[in-house]
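Everything below concerns the one structure shown next.
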Amino acid sequence: MKILVCISKAPDTTSKIAFTEQNTKFDENGIQYIINPYDEWYALVRALEIKEAGNADVTIITVGSAADEAIMRKALAIGADNAIRIDADPKDAYFTAVQIANYAKTNAFDLILTGKETINYNGSQVAGMIAEILDFPLISQASKLDINGSSLSLEREIIGGLQVVEVAMPAVVSCAKGMAEQRIPNMRGIMAARTKPLTVLPPVTAVELTSFVSYSVPNSKSAVKLIDPMNMDELVELLHNEAKVI
Amino acid sequence: MILVYVNSSNGLPKAALETVTYAKKLGNQVVVLTNGKASSESLICLGEYGATKVLVDRMVDGEDPQQLTRLISAVVQNIGAKTVIFSHDLIGKAVAPRLSVRLQAGLIAGAISIPDADGAVKVNVFSGKAIGNVKVSSDIKIISLLPNSIQPEKTGANCPVEETNGLGGAAAIKVISTKKPEGEILLPEAELVVSAGRGLKGPENWGMIENLAKSLGAATACSRPVADIGWRPHHEHVGQTGVAIRPNLYIAIGISGAIQHLAGVNGSKVIVVVNTDAEAPFFKAADYGVVGDAFDVIPKLTAAINKFKESQN
């Protein structure tokens with residue numbers, strides 16, 4: 001079977017976030033990019049586990065610039081078979097989804113995996129958009145995924161609980177915690193990644209449906225009010241009368 | 001015309017009242033669409049929050065985002081809606097992007113404000129470390145509202161409920177089993193949250209956290225290390241790679257306040273930090289701090305809250 005794993009770059013989780021050009025552009029100065037954790041830890045690693053358990057070919061795809069090839073090589077080092085980069089700025093979720101769906105259309109994937117969201121835009125948009133463009137079912141926020149012949153058996157988060165569901169392939173699955181464990185690439189993988197194919201393709205035209213016009217960072221809090229640990233009545237009184245939250 | 005999609009499979013969640021209130025702030029013609037078995041009597045109250053009419057599809061169970069998308073899309077066209085509102089919850093995250101493609105309508109995902117004079121809407125980005133202003137260029141707009149971003153407001157009276165069936169088509173996803181723990185307060189919806197970390201030293205010490213949560217009527221949460229070592233279930237993990245929450249009150253006990261944890265909770269209106277280490281970075285993000293041992297402080301705090309609650313009755 002053929003699995004496509006969509007990966008996105010994201011600033012390292014310890015990054016301090018700032019903006020430039022009158023707060024219209026993310027300040028990349030000093031930012032270390034990583035593979036978006038949900039894409040790497042859950043989607044990619046689960047795809048590799050499926051490959052190791054049987055017969056699957058794992059392709060990773062990203063929409064981005066040549067600078068993103070570093071994270072793509074890491075995905076290859078972890079174990080993906082080949083990599084596709086659509087050479088374009090991922091302007092918005094729809095533009096990005098059109099690029100990935102367009103590649104998927106001509107390459108007959110059985111399963112398309114994404115992380116449940118990126119840690120930079122938190123929109124949870126691209127998986128659903130790819131599914132709609134391709135007219136595939138979407139199982140979102142899955143925490144378990146098993147192949148059952150031509151079907152998938154999944155566990156997914158629902159509001160206030162968990163659900164076991166089945167669906168026929170082809171399908172799109174967005175992956176959440178629980179699906180797999182993070183893997184660290186070993187030296188053999190890193191060496192092998194250097195010679196694995198990384199194909200660059202031009203984008204197709206797509207409209208931009210949304211745009212970020214500006215950004216801001218939340219105001220920092222005023223100094224903390226320290227309460228005597230022996231006087232919890234005072235804390236309760238402040239929460240009730242001053243903060244008005246209880 | 002504004003269409004609000006509401007999930008009513010477990011009664012009307014707070015998110016439903018929030019999204020209808022939000023829609024009412026955008027315009028006066030607000031139609032609510034829901035699906036499933038909720039009784040018409042339980043839905044008429046949406047009128048109080050601003051709905052002029054509730055449409056309900058009795059055939060769609062809401063388990064397949066593709067089927068729900070077909071239903072919502074058909075209703076948008078039938079009533080000529082120009083704005084569609086979802087809650088940015090598990091259903092909204094699965095359905096709104098599909099609808100965006102189907103209607104070629106821009107999606108503002110995770111909104112925390114109503115549109116400003118230029119039509120830009122604020123959303124949380126970088127896992128709560130920043131706020132973005134997003135604009136939509138299409139004729140139809142879709143907005144998914146981050147839970148706990150606005151307070152439900154009653155402005156009107158009950159409204160009529162009508163059935164609309166047969167617009168969803170067949171479901172592709174087959175549900176095998178569903179597990180829903182009863183009686184728990186859902187973390188993303190909770191207004192009060194009590195959270196604890198490694199400072200608690202072991203899972204056997206969570207009794208006092210649960211007691212404090214119970215006395216407040218709060219949900220319980222935890223830091224990532226605690227979920228990773230299995231002291232607490234994963235769904236309680238709040239932070240950048242867990243659940244992002246924005247309750248009115250977040251009490252963090254024995255959590256140092258790493259930047260990844262803060263990202264998931266800094267939308268909280270008031271933060272209380274209890275830690276033995278006066279240098280813990282969390283104190284910089286806190287409104288109220290208690291430097292002390294959780295094993296002394298938490299039982300005292302629980303007793304103080306119980307005393308306060310009794311005095312309120």
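Since the structure is predicted, the reported quantities are computational estimates derived from the model, not experimental observations. Throughout, a chain's letter reflects where its sequence line sits, starting with A, and its residues are numbered from 1.
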Among [options], which residue has the highest count of heavy-atom pairs closer than 4.5 Å to chain A?
options	answer
Glu189(B), Lys284(B), Arg224(B)	Arg224(B)
Ser138(B), Ala286(B), Gly292(B)	Ala286(B)
Ser177(B), Ala130(B), Pro13(B), Ala94(B)	Ser177(B)
Ala263(B), Ala303(B), Ala285(B), Ala120(B)	Ala285(B)
Gln67(B), Lys309(B), His88(B), Gln104(B)	Gln104(B)

Interchain contact, [X] with chain A, by part (heavy-atom threshold 4.5 Å):
X	value
Glu191(B)	neither
Asp89(B)	side chain
Lys141(B)	neither

* Asked: With a 4.5 angstrom heavy-atom cut-off, which part of Val126(A) approaches chain B: side chain, backbone, both or neither?
  -> neither
* To do: Would you mind reporting whether Val165(A) and Glu63(B) have side-chain heavy atoms less than 4.5 Å apart?
  =>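 The answer is no; the side chains never approach within 4.5 Å.
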* Are any of the side-chain heavy atoms of Asn122(A) and Asn124(B) separated by less than 4.5 Å? -> no
Checking [X] side chain against [Y] main chain: does a donor-acceptor pair fall under 3.5 Å?
X	Y	answer
Ser127(B)	Ile119(A)	yes
Ser137(B)	Ser211(A)	no
Tyr94(A)	Pro97(B)	no
Arg98(B)	Ala131(A)	yes

* Asked: Going by residue number, which parts of residues 8-21 of chain A are within reach of chain B, meaning a heavy-atom gap below 4.5 Å?
  -> Pro11(A), Thr13(A), Thr14(A), Ser15(A), Ile17(A), Phe19(A)
* To do: Looking only at non-hydrogen atoms, find the nearest pair between Ile173(B) and Arg156(A) and report the distance.
  =>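 So the minimum-distance heavy-atom pair works out to CD1-NH1, 3.9 Å.
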* Based on non-hydrogen pairs under 4.5 Å, which of Val164(A), Leu162(A), Val167(A), Asp135(A) is most in contact with chain B? -> Val164(A)
* Structure fact -> In this structure, CD1 of Ile305(B) is separated from CG of Asp233(A) (nearest 0.5 Å) by 10.0 Å
